[in-house]
Amino acid sequence: MSSTSATLIAWSYGLAGVLYLAFALRVAAAPKRDLRGIALLAATAFTAAWGLLIMSYALVRAIPLLTLSSLADILSYGGWYAFLLSLAGHSAHGPAGERRTHWLVPIAVAVILWGVLAHVLGTLGLGWFGDPARMVLLDVLAAAVFGLVLVEQVFRNVSDESRWAVTPLCVGLAGAFAFDVYTFADGVLFNGIDADVWSVRGIVRTLALSLIALSIARTRGGAFSLVLSRRVMFRSTVLAMSGAYLLFVAAAGYYVRYFGGAWGKALQVALLFAAVLSLGVLIFSGSVRARLRVAVSKHFFRYRYDYREEWLRFTQALSLHGEHGAMGQQVIRGLADMVESPGGGLWLRDDAGTLFTPTAQWNMPAGQAESAGSSLVAFMMKSGWVINLEELRSAPDRYGGFELPAWLSALPNAWLIVPLAIGSEITGFVVLATARTPIEVNWEVNDLLKTAGRQAASFLGHTQATEALLEARKFEAFNRLSAFVVHDLKNIVAQLSLMLRNAERHHGNPEFQQDMLMTVAHSVERMKQLMLQLRDGTTPLDVRHRVDLADLAARVARAKAVQKTRVDVQIESPVAATGHEDRLERVMGHLVQNALDATDPAGRVWIKIGRQDDSAMVEVGDTGHGMTPEFVRERLFKPFQTYESYQYVNELGGRVLVDSTPGVGTRVCLLLPMFEATAPQMPQRDLA
């Protein structure tokens, strides 16, 4: 050891020793100390002794001081173990929390006793298990790994209200233990500790102390509230098993190298590759994870499931996708994960309600459709049970002896049939494949699957209702478009029909011929626009500008001049409205045509233009048949009647008023927004 290295080691470990000693004295001066206080005092005191002994060794180079410091290091781990176990055992559930962590205590005791024994054997020069120095390295490595397990146990189980206080403690100890894992794992693999890494170990412990002190200050003597969960137990168990596996590989590698002679190094490399390969198989094996999860639930908990966690996970899985097929797979996977099943299939009732057809599969071949009147569906509807096919084959009397469909008997690995029910109605069912690990299907499993099946049925029903609503909206949009088209076609057909009836009498009249050509050209142009609307599936663009209602009324009256009933135009006052000229002409033309259709040739039809308050008024009246109040209320403004006129006027911000009496006539009054002279005029756009 060079003088520079010795100085760095003395300062690093000396600083750690002094600070931990001061902290231990502060803990010892506390007026009241419980078990955790005593454990914290022991941990900090042994850590202080460890730091001061190594500082002394760096200064005087006495080997016994190094041996004592190594023993103090192991004992400090024992103190930190006791402190963390006291935190993990103190739960909101009282003694129950201590019983749930009892499995950690013997492991902690074994690790510390092994370390003490290794130091004693090393001091006495007895190499019963190999090189004593090597055994010490392995023991400190094991102690650091198990320390990480305890830290993870405390942090994962702490309640939300206590996490703010315990986080600095867990971060500090986890950092110190992780640094030791790196230091001593490197020493075991390369048969010696890196001097540079070892020299700063005291600084690492000093930094950890600052976080530990912060956490203690935050608690101010208060208790940490811990809640044990299955997820934490599973992760802690996996972490502990991983640490044990690494220790086993390190020990096996050492002994292979120790007893392998000339082939020792080659065998060590081969062992390392085999260990990494085996670890990859274990990590990615679904059956291993399933067996471990079942073992944790079986041996550490009264109930198999954490219902809050299961329900949140299942609901989140159903909410991930909105498409029917994707949701079907999510339903299968959500139910399968509850019982460690690797696959399944979903059958849903068709629209006719006569068949249950396969709609989604996950790692299972598609089966056949099942009749809605089969014994399988009848049994599920009557009982609501989750059908265990293994139990059905071994004890058919429990299921009333109903006959299982042949296609389901031939389905590979079919295990459970989960009904999807809404009320007393079966909307589908899920067939799950055999689990990765043996699972007892008891009342708890049945109740969870039945409840989850009802939840899935509600989600699927909501999806189907949403799809049906979208289809209905598409048809509604088509009906609205059809209403515009039908009214336009009705006007065009009426004009062409009248023209044909008058052609025999006036075909030689040049004025009639000219009017006929204009009418045909206008009809062709209108039909082109209708074809564009049908092709694009949209209504005309609404570009609003100034519309002279008097000119509009005159054009409509001229277009209806070929009708048997004359259309009178009355202009009370010139007025301009805001809107689209072509669309307003179409609305006015529809109303006038309706009035003409409802009026005898001797009757009267009129268009009145004027003002009413702040609105432009268009009144279309007739002395025709009239309408009943029920017809006006329930049918007049429905599609294929005058729906498009009513809709467009409302879009402009106007109103439609109807006054009709059977046998007397009808007055339809359009109140339109007036054109403001200061408003910028927008250019008219071609509707086509």
Side-chain angles (χ1 to χ4, degrees), residues 13 20 38-39 41-54 56-57 62-86 101-151 173 176-193 198 201 205 239-259 268:
Y13 287 88
Y20 272 91
I38 296 174
L41 175 60
T44 53
F46 281 119
T47 304
W50 162 79
L52 294 174
L53 285 169
I54 294 183
S56 302
Y57 165 75
I63 296 300
L65 293 176
L66 183 62
T67 303
L68 290 175
S69 70
S70 182
L71 182 60
D73 191 13
I74 290 297
L75 294 177
S76 71
Y77 267 104
W80 290 120
Y81 285 178
F83 180 65
L84 291 172
L85 285 170
S86 67
T101 57
H102 71 280
W103 65 282
L104 298 170
V105 177
I107 301 177
V109 173
V111 170
I112 300 304
L113 289 180
W114 178 25
V116 173
L117 178 61
H119 281 79
V120 172
L121 293 177
T123 303
L124 298 177
L126 301 176
W128 292 352
F129 304 101
D131 183 6
R134 190 83 169 189
M135 293 300 99
V136 171
L137 294 179
L138 284 172
D139 179 69
V140 180
L141 177 60
V145 170
F146 188 70
L148 288 175
V149 172
L150 291 180
V151 171
L173 289 179
F177 294 157
F179 185 83
D180 285 356
V181 169
Y182 166 75
T183 301
F184 290 95
D186 180 78
V188 170
L189 290 176
F190 296 100
N191 200 25
I193 295 180
W198 185 76
R201 193 172 171 221
R205 290 293 181 92
L239 184 58
M241 292 177 63
S242 301
Y245 181 81
L246 292 174
L247 288 173
F248 171 76
V249 172
Y254 165 70
Y255 283 109
V256 166
R257 182 71 176 268
Y258 188 78
F259 295 106
Q268 191 178 41

Measure across [X] and [Y] and return the closest heavy-atom pair with its distance rounded to 0.1 Å.
X    : Y    : value
L84  : G147 : CD1-O, 4.3 Å
V140 : I74  : CG2-CD1, 3.9 Å
A108 : Y81  : CB-CD1, 3.7 Å
G78  : I112 : N-CD1, 3.5 Å
A143 : V111 : CA-CG1, 3.7 Å
G79  : A43  : C-CB, 3.5 Å

> Passes side-chain contact (heavy atoms from CB on, under 4.5 Å), D139 versus V116? Steps please.
Replying inline: CA-CA 9 Å; D139 179 69; V116 173; over 6 Å; no
Kindly compute the distance separating [atom1] ([X]) from [atom2] ([Y]), expressed to the nearest 0.5 Å.
X    : Y    : atom1 : atom2 : answer
L75  : T47  : CG    : OG1   : 10.0 Å
L52  : L65  : CG    : CG    : 11.0 Å
R205 : D180 : CZ    : CG    : 5.0 Å
L41  : I38  : CG    : CD1   : 8.0 Å

>> Which residues pass the ring-ring contact (aromatic ring centres under 6.0 Å, His included) test with Y13, not counting sequence neighbours?
In response: W50, W198
>> Under the criterion side-chain contact (heavy atoms from CB on, under 4.5 Å), I'd like the reasoning laid out for I193 against D186: C-alpha separation, chi angles, the key distance, then a yes or no.
In response: CA-CA 7 Å; I193 295 180; D186 180 78; over 6 Å; no
> For F177 and Y77, what are the C-alpha separation, side-chain angles and deciding distance, and is it a ring pair (Phe, Tyr, Trp, His ring centres under 6.0 Å)?
Replying inline: CA-CA 10 Å; F177 294 157; Y77 267 104; 5.3 Å; yes
> Should L150 and W80 be marked as a side-chain contact (heavy atoms from CB on, under 4.5 Å) after you check the CA-CA gap, both sets of side-chain angles, and the distance that decides it?
Replying inline: CA-CA 9 Å; L150 291 180; W80 290 120; over 6 Å; no
> Judged by atom type as modelled, is there a donor-acceptor pair below 3.5 Å linking the side chain of S70 to the main-chain atoms of T67?
Replying inline: no
>> side-chain contact (heavy atoms from CB on, under 4.5 Å), that's the test. Do F184 and L138 meet it? Break it down for me.
In response: CA-CA 7 Å; F184 290 95; L138 284 172; over 6 Å; no
